[in-house]
Novice: 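Okay, here's the structure, questions in a sec.
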Protein chains: 2
Amino acid sequence: MTTSTRKQRELQAREELILDAAQSMLHQHGYNYLTMERIAETVEYSKGTIYNHFASKEDLVCSLCCRCITNLIDVFERAYQYRGSTRERFSAIGIAYSLYLQLNPMDSQNILTVKNNAIREKISKEKLIEMESLEREITTIAKSIVQQAIDIGDLDNKHQHHLSTIVFGFWSMHYGALLLDQSGIPLEQLGFSPVVQMLWTNANIFLDGYQWQPLSTVTDTARLFEKISSALFD
Amino acid sequence: MTTSTRKQRELQAREELILDAAQSMLHQHGYNYLTMERIAETVEYSKGTIYNHFASKEDLVCSLCCRCITNLIDVFERAYQYRGSTRERFSAIGIAYSLYLQLNPMDSQNILTVKNNAIREKISKEKLIEMESLEREITTIAKSIVQQAIDIGDLDNKHQHHLSTIVFGFWSMHYGALLLDQSGIPLEQLGFSPVVQMLWTNANIFLDGYQWQPLSTVTDTARLFEKISSALFD
DNA sequence: ACCTGAACACCGTTCAAGT
DNA sequence: ACCTGAACACCGTTCAAGT
């Protein structure tokens, strides 16, 4: 049990303070403006104290990323609890992902940053483990819905071996789409529609390809999207 | 017409020399070891001369990225020329992408780096335009195959409006998968199969979802993969 | 006209000194 | 035991001087 002393709670509070300051600095002025010096000034502690909390700038940024994944897990859990068919609940996870990153573009920037090897190399082993454990939680939620779909019969059990392939396909489609969107490629200029909309179409096509019942051909997908998104974010 | 003088050719050659040096440095020691100083030493010119060729370190890295996209266009064109159905040719593009980045992991690292806003902000307008024009070429190749599929009837023409949505879905799925693979997430540890394999499965499911004929259910997909990949890379 | 490298600015990180 | 900030190392970028 974590019987936190007053001291520990104060430290914890200061850590949040630092992270909040860093996040708001990122939001307002971008990554290149974010310096350890400036963070220290903002929270009115010395640089040494910041380093007392975070082993490096990269660890600090990775901590921001962990907070963001934690938020995602929250939304994913709401999606998991959505009252509907397995397909609707799995779709809800996609919508949760898609809308969360759309509403918090800075968070997706951050995810992108941490994925970069140049940054990643400098992250401490412990922080990486912390982040990977959060990532595992995320995929576990998605996997369990696929398993339930097979158990119920919404998804043919010949896919039992491909369980993680389905999750991976769905994940990578959303991940890729949102990164493409975030990374400044002028998609509209290349003749593409809004990303959230294309994602919703393609997610349905993908699940249709797996014959996940009920198919989108017998569903009012536009209305379903509205229902799910208001259930998740209102 | 570019009637290049001797001087211009020498400059061009030196630029390639610099890029080669930078690329090999990236391969061998990673992004954090790559310095303008070290590049200058390696090619035996001064830092000032390097800056004569590239406005900034980020521009240099972006130029590496452009070379990589140019290579990709090459492979994509071979995929376009593949003798087979429209579906096979479109699949060939996915395989080209997938295998190229698998064979050149450093290139996918580089793409990832350039997508990052912190880096992107520092790239000069001209370089960005150069890169975007290459990216447009890539999507154009993919789009034209989809158009041909609709014209021939391999793909129902109700998808005429979704033409770019199909390309985008296919692109984002591959892009996301390969970035997830490249970015150090321990996929196997999370219970996933090799990425190229999952991608091939999911790409087929995706195209089946769009009812792109002939469906994978009437195809020996494992053999097709072999055929296409040896046509592209041997 | 082009090349050079010393000098500058900036920033992440450390650690001796202070409380 | 914890905090501080001067000092250090490193690197991208510039530009006056040289050829």
Side-chain angles (χ1 to χ4, degrees), chain A residues 4-19 21-22 25-26 29-64 113-114 116-127, chain B residues 4-19 21-22 25-26 29-64 113-114 116-127:
Chain A
S4 58
T5 63
R6 181 177 57 80
K7 190 75 208 170
Q8 284 172 318
R9 271 179 278 118
E10 280 174 7
L11 280 178
Q12 182 60 35
R14 192 166 63 193
E15 192 149 314
E16 293 299 324
L17 185 71
I18 298 171
L19 289 173
M25 210 173 275
L26 264 180
H29 302 101
Y31 191 84
N32 291 313
Y33 184 84
L34 187 76
T35 15
M36 298 304 260
E37 178 92 51
R38 271 194 267 261
I39 295 173
E41 273 170 31
T42 306
V43 299
E44 295 183 285
Y45 284 98
S46 72
K47 281 185 283 183
T49 300
I50 311 289
Y51 277 92
N52 229 322
H53 286 273
F54 304 97
S56 66
K57 182 183 177 181
E58 285 74 17
D59 262 37
L60 194 155
V61 171
C62 186
S63 301
L64 285 180
T113 302
V114 173
N116 194 70
N117 252 348
I119 306 288
R120 205 180 180 84
E121 276 172 9
K122 297 189 184 170
I123 301 176
S124 69
K125 192 150 193 162
E126 300 83 54
K127 261 294 166 232
Chain B
S4 60
T5 64
R6 179 178 59 80
K7 192 70 207 170
Q8 284 174 318
R9 269 179 280 119
E10 280 175 8
L11 280 177
Q12 182 58 37
R14 193 166 63 191
E15 192 150 314
E16 292 301 323
L17 185 70
I18 297 171
L19 288 172
M25 210 173 275
L26 264 181
H29 302 101
Y31 191 84
N32 291 314
Y33 184 85
L34 186 76
T35 18
M36 298 306 260
E37 177 92 52
R38 271 193 269 261
I39 296 172
E41 273 170 32
T42 306
V43 297
E44 295 183 283
Y45 284 98
S46 72
K47 281 184 283 181
T49 300
I50 311 289
Y51 276 92
N52 229 323
H53 285 273
F54 303 98
S56 67
K57 183 183 177 183
E58 285 75 17
D59 262 36
L60 195 155
V61 171
C62 186
S63 301
L64 285 179
T113 303
V114 173
N116 194 69
N117 252 347
I119 307 288
R120 204 178 182 86
E121 277 173 9
K122 296 190 185 168
I123 301 176
S124 68
K125 191 148 193 165
E126 300 84 53
K127 263 292 166 236

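Numbered from 1 within each chain, the chains take letters A, B, ... in sequence-line order.
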Novice: Using the side chain to side chain donor-acceptor pair (under 3.5 Å) criterion, which residues pair with A:Thr42? Sequence neighbours excluded.
Specialist: none
Novice: Taking only residues two or more places apart in sequence, or in another chain, which ones meet B:Asn32 in a side chain to side chain donor-acceptor pair (under 3.5 Å)?
Specialist: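 Residues passing side chain to side chain donor-acceptor pair (under 3.5 Å) with B:Asn32: A:Glu121.
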Novice: Just by distance, with hydrogens left out, do B:Glu16 and B:Gln12 show a side-chain donor and acceptor under 3.5 Å apart?
Specialist: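 A pair is found: one side chain offers a donor N or O, the other an acceptor, under 3.5 Å apart.
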Novice: Identify, with sequence neighbours excluded, every residue that meets salt bridge (Lys or Arg N to Asp or Glu O under 4.0 Å) alongside B:Lys57.
Specialist: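 B:Lys57 satisfies salt bridge (Lys or Arg N to Asp or Glu O under 4.0 Å) with no other residue.
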Novice: Please give the stem ranges for DNA chain C, sorted by first residue number, where a stem is three or more consecutive Watson-Crick or G-U pairs and both donor-acceptor distances are under 3.5 Å.
Specialist: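 If one scans DNA chain C for consecutive Watson-Crick or G-U pairs, the stems found are C:4-8 with D:12-16, C:12-16 with D:4-8.
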Novice: What are the residues of residues 32-48 of chain A, sorted by number, that bring a heavy atom to within less than 4.0 Å of DNA chain C?
Specialist: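 Heavy-atom cutoff 4.0 Å gives A:Leu34, A:Thr35, A:Met36, A:Arg38, A:Lys47.
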Novice: Distance under 4.0 Å to a non-hydrogen atom of chain B counts as contact; along DNA chain D, which nucleotides mark the start and end?
Specialist: D:dC11 to D:dT14
Novice: Not counting sequence neighbours, which residues clear side chain to side chain donor-acceptor pair (under 3.5 Å) with A:Asn117? List them please.
Specialist: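 A:Asn117 satisfies side chain to side chain donor-acceptor pair (under 3.5 Å) with no other residue.
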Novice: For A:Glu37, check salt bridge (Lys or Arg N to Asp or Glu O under 4.0 Å) against everything at least two apart and list the hits.
Specialist: A:Lys47
Novice: Which residues satisfy the side chain to side chain contact (heavy atoms under 4.5 Å, CB included) test with B:Lys7, sequence neighbours excluded?
Specialist: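 Residues passing side chain to side chain contact (heavy atoms under 4.5 Å, CB included) with B:Lys7: B:Thr5, B:Glu10.
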Novice: Who are the salt bridge (Lys or Arg N to Asp or Glu O under 4.0 Å) partners of A:Glu15, not counting sequence neighbours?
Specialist: none
Novice: According to side chain to side chain donor-acceptor pair (under 3.5 Å), who are the partners of A:Ser56, at least two apart in sequence or on a separate chain?
Specialist: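 A:Ser56 satisfies side chain to side chain donor-acceptor pair (under 3.5 Å) with no residue once adjacent residues are dropped.
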Novice: Check salt bridge (Lys or Arg N to Asp or Glu O under 4.0 Å) between B:Glu41 and all other residues, then give those that pass, not counting sequence neighbours.
Specialist: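 Once residues adjacent in sequence are excluded, B:Glu41 has no partner under the salt bridge (Lys or Arg N to Asp or Glu O under 4.0 Å) criterion.
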